[in-house]
Structures are given as structure tokens and as C-alpha cells.
Amino acid sequence: NLHYMVSCTTRAPRSGEVDGKDYLFIDEPAFRTRIDKGDFVEWAEVHGNLYGTPREQLVDCTDRGIDVILDVDPQGAMTLKKKFDEAVYIYVLPPSFDVLRQRLIDRKTDSHEEVARRLHKAREELWNYRQYYYLIVNKEFKRALEDLAAIIAAERIKMRQVNFSWIEETFIKRLGKEEM
């Protein structure tokens with residue numbers, strides 16, 4: 001009962017990325033038309049490209065009771081937080097700034113200048129960590145996934161998720177009838 005939300009972007013696909021799986025790749029005029037139509041629940045310009053979360057897909061999933069995972073930058077997360085305070089906000093960090101630098105270099109998709117821009121932006125974005133509810137340090141991918149699963153499990157059993165009418169019908173009203 002979990003869905004990964006595919007964001008829209010105006011950037012070109014990187015090697016190996018698949019349209020509709022990694023992102024919905026669209027051109028800038030189409031993206032701006034969708035902005036004007038209110039098709040995005042949030043959107044932002046990041047690293048010179050536009051990114052946005054499609055409203056219709058998000059609403060469809062949440063209306064059906066499906067938990068949705070969004071991969072958005074802090075700017076997008078704070079926009080969403082103003083609209084959806086009941087959502088769960090998880091900040092994912094690499095184990096160190098040096099590891100982040102090396103991961104960006106190792107993926108071999110960006111120029112040295114672009115890597116430097118991304119690292120500069122990461123330093124700025126880091127100060128948003130206090131706005132989130134959980135922190136996952138992605139040192140080992142398997143462990144990071146286990147941490148994510150634990151957060152999802154904990155959130156699903158919080159009292160705000162409980163169907164109180166079921167408790168009352170199953171226990172309180174039934175106990176009252178049995179005592180008679």
C-alpha cells in the first residue's frame with residue numbers, strides 16, 4: 001500500500017533513466033502550461049531545471065488510502081508542508097559531505113562545475129533539516145531502506161491513524177452488552 005510518486009522535470013534524461021519511471025520528462029513550455037493550469041501540488045526551479053509533483057496522481061493515491069513517497073528537495077518539501085502538515089517529512093542525508101561529493105562524481109553525469117553547484121546548493125539546503133520529522137543517514141542502502149520501513153510502520157500505527165469507531169464497536173459497546 002505504498003506508491004512512489006514520479007515527478008515531472010524539464011531536464012534531459014540521464015543515461016539509463018526511463019520516462020515515466022524515473023521522471024516524467026517534459027519540455028519547459030508544457031511544464032509552464034501545467035503550472036498555469038494548477039496541475040502541480042508543488043513545483044520549483046532547481047539547478048536550472050523545473051521540477052513538479054503532479055497534483056492529480058497525488059490526490060488519487062491519497063484518496064484511495066495509499067501512502068505516497070515523494071522525492072523532493074527541501075524547497076518542495078516546505079511548500080508541501082504548508083499544504084499537508086499531516087504528511088511525514090523525512091530528511092535523507094549521506095554520511096558526510098565528502099561522501100556526497102564522491103557520489104556525485106561517481107555517477108559521471110555532471111560536469112565539475114555542475115557538481116560544484118550541486119554541492120554549494122546542498123550546503124544551503126542542509127539548514128532545512130530541522131523542519132523534518134525524521135532523519136535517515138544513507139550510509140548503507142539496505143539499512144536506509146530498513147529505517148524507512150520502520151518509519152512507515154510506526155506512522156501507520158499512530159493514534160491519528162486508528163479507526164476509533166472500530167475500537168468502540170468491537171470493545172466498548174460489545175462489553176456493555178455482555179455485562180447485561
Side-chain angles (χ1 to χ4, degrees), residues 2-36 39-55 57-58 61 67-85 87-152:
L2 191 60
H3 177 76
Y4 175 75
M5 177 72 59
V6 178
S7 298
C8 292
T9 185
T10 59
R11 79 161 170 75
R14 293 185 180 116
S15 177
E17 287 184 326
V18 177
D19 186 41
K21 179 179 178 242
D22 299 294
Y23 285 96
L24 298 169
F25 296 99
I26 61 177
D27 62 23
E28 187 169 336
F31 195 102
R32 295 215 179 267
T33 297
R34 291 187 68 176
I35 291 170
D36 293 341
D39 287 351
F40 298 115
V41 69
E42 65 82 27
W43 68 273
E45 185 170 341
V46 181
H47 305 295
N49 296 293
L50 299 171
Y51 293 82
T53 302
R55 179 183 308 279
Q57 187 181 2
L58 179 63
C61 286
D67 292 328
V68 179
I69 293 181
L70 302 175
D71 180 4
V72 297
D73 73 328
Q75 181 180 347
M78 294 308 101
T79 299
L80 289 166
K81 196 173 181 187
K82 291 176 188 170
K83 298 175 183 179
F84 304 101
D85 189 50
V88 179
Y89 296 88
I90 305 167
Y91 201 87
V92 180
L93 280 174
S96 71
F97 202 75
D98 289 337
V99 169
L100 174 60
R101 176 184 295 110
Q102 197 58 52
R103 287 177 181 177
L104 289 172
I105 292 168
D106 288 349
R107 73 181 185 184
K108 298 178 182 168
T109 59
D110 298 315
S111 68
H112 291 297
E113 294 79 16
E114 180 62 20
V115 168
R117 264 193 304 278
R118 288 180 178 275
L119 291 171
H120 178 75
K121 184 72 172 173
R123 281 189 196 277
E124 292 174 359
E125 290 176 343
L126 180 63
W127 292 104
N128 289 291
Y129 74 94
R130 291 184 177 153
Q131 303 299 316
Y132 291 75
Y133 304 156
Y134 295 94
L135 173 69
I136 294 177
V137 177
N138 186 9
K139 182 176 181 180
E140 296 173 25
F141 186 68
K142 183 181 179 202
R143 174 59 196 248
L145 284 178
E146 291 169 353
D147 290 346
L148 177 60
I151 292 167
I152 292 168

Hey, could you give me the CZ/CG distance between Arg123 and Leu100, rounded to the nearest 0.5 Å? 9.5 Å
Give me the atom names and distance for the closest heavy-atom approach of Cys8 to Ile26. CB-CD1, 4.4 Å
Would you name the heavy atoms of Pro95 and Val137 that are closest together and state the gap between them? CA-CG1, 3.7 Å
Return the minimal non-hydrogen interatomic distance between Thr79 and Val41, and the atom names on each side. CG2-O, 4.4 Å
For Glu17 and Arg14, indicate whether the former's side chain and the latter's backbone hold a donor-acceptor pair under 3.5 Å. yes
Less than 4.5 Å apart, any side-chain heavy atom of Lys108 and any of Ser15? no
Whether the Tyr51 and Arg11 side chains hold a donor-acceptor pair (N or O, under 3.5 Å, no angle test) is what I'd like checked. yes
Do other residues, nucleotides or ligands put more than 12 heavy atoms under 6.0 Å from Lys83 NZ? yes
Side chains of Tyr132 and Pro74: closer than 4.5 Å at any heavy-atom pair? yes
Is the closest basic N to carboxylate O distance between Arg103 and Asp106 below 4.0 Å? no
Checking the side chain of Asp19 only, and the main-chain atoms of Phe25 only, is there a donor and an acceptor separated by less than 3.5 Å? yes
With a 4.0 Å cut-off on N to O distance, would you call Arg32 and Asp36 a salt bridge? no
With a cut-off of 6.0 Å (strictly less than), are more than 12 heavy atoms of other residues, nucleotides or ligands near OH of Tyr4? yes
Mind checking the CG-CZ spacing from Leu50 to Phe40? Nearest 0.5 Å is all I need. 8.5 Å
Report the C-alpha distance between Leu93 and Leu126 in whole Å, list the side-chain angles of each, state the deciding distance to 0.1 Å, and finish with yes or no for side-chain contact (heavy atoms from CB on, under 4.5 Å). CA-CA 9 Å; Leu93 280 174; Leu126 180 63; 3.6 Å; yes
Ignoring hydrogens and angles, tell me if any N or O in the side chain of Lys121 forms a donor-acceptor pair with the backbone of His47 under 3.5 Å. no
What I'd like to find out is whether the side chain of Phe141 reaches to under 4.5 Å of the side chain of Glu146, using heavy atoms alone. no
In plain terms, say whether Glu114 and Arg118 are close enough for a salt bridge, that is, a side-chain N and a carboxylate O under 4.0 Å apart. yes
Determine whether a donor-acceptor pair (N or O, by modelled atom type, separation under 3.5 Å) exists between the side chain of Tyr89 and the backbone of Leu80. yes
Shortest non-hydrogen contact from Val68 toward Cys61: CG2-CB, 3.5 Å
From Asp147 atom CG to Lys142 atom NZ, the distance as rounded to the nearest 0.5 Å: 12.0 Å
Minimum heavy-atom distance between Ala122 and Phe97, given as atom pair plus value: CB-CE1, 4.3 Å
Write down the atom of Asp71, the atom of Ser7, and the distance for their closest heavy-atom approach. O-OG, 4.2 Å
Give, for atom CH2 of Trp43 and atom CD1 of Ile35, the distance between the pair rounded to the nearest 0.5 Å. 4.0 Å
If you measure from CD on Gln131 to NZ on Lys81, what distance do you get to the nearest 0.5 Å? 5.0 Å
Does the side chain of Val88 come within less than 4.5 Å of Asp67's, by heavy atoms? no
Nearest 0.5 Å, please: how far is OG1 in Thr53 from CD in Glu42? 3.5 Å
Can you find a side-chain donor-acceptor pair between Thr109 and Arg107 that sits under 3.5 Å? yes
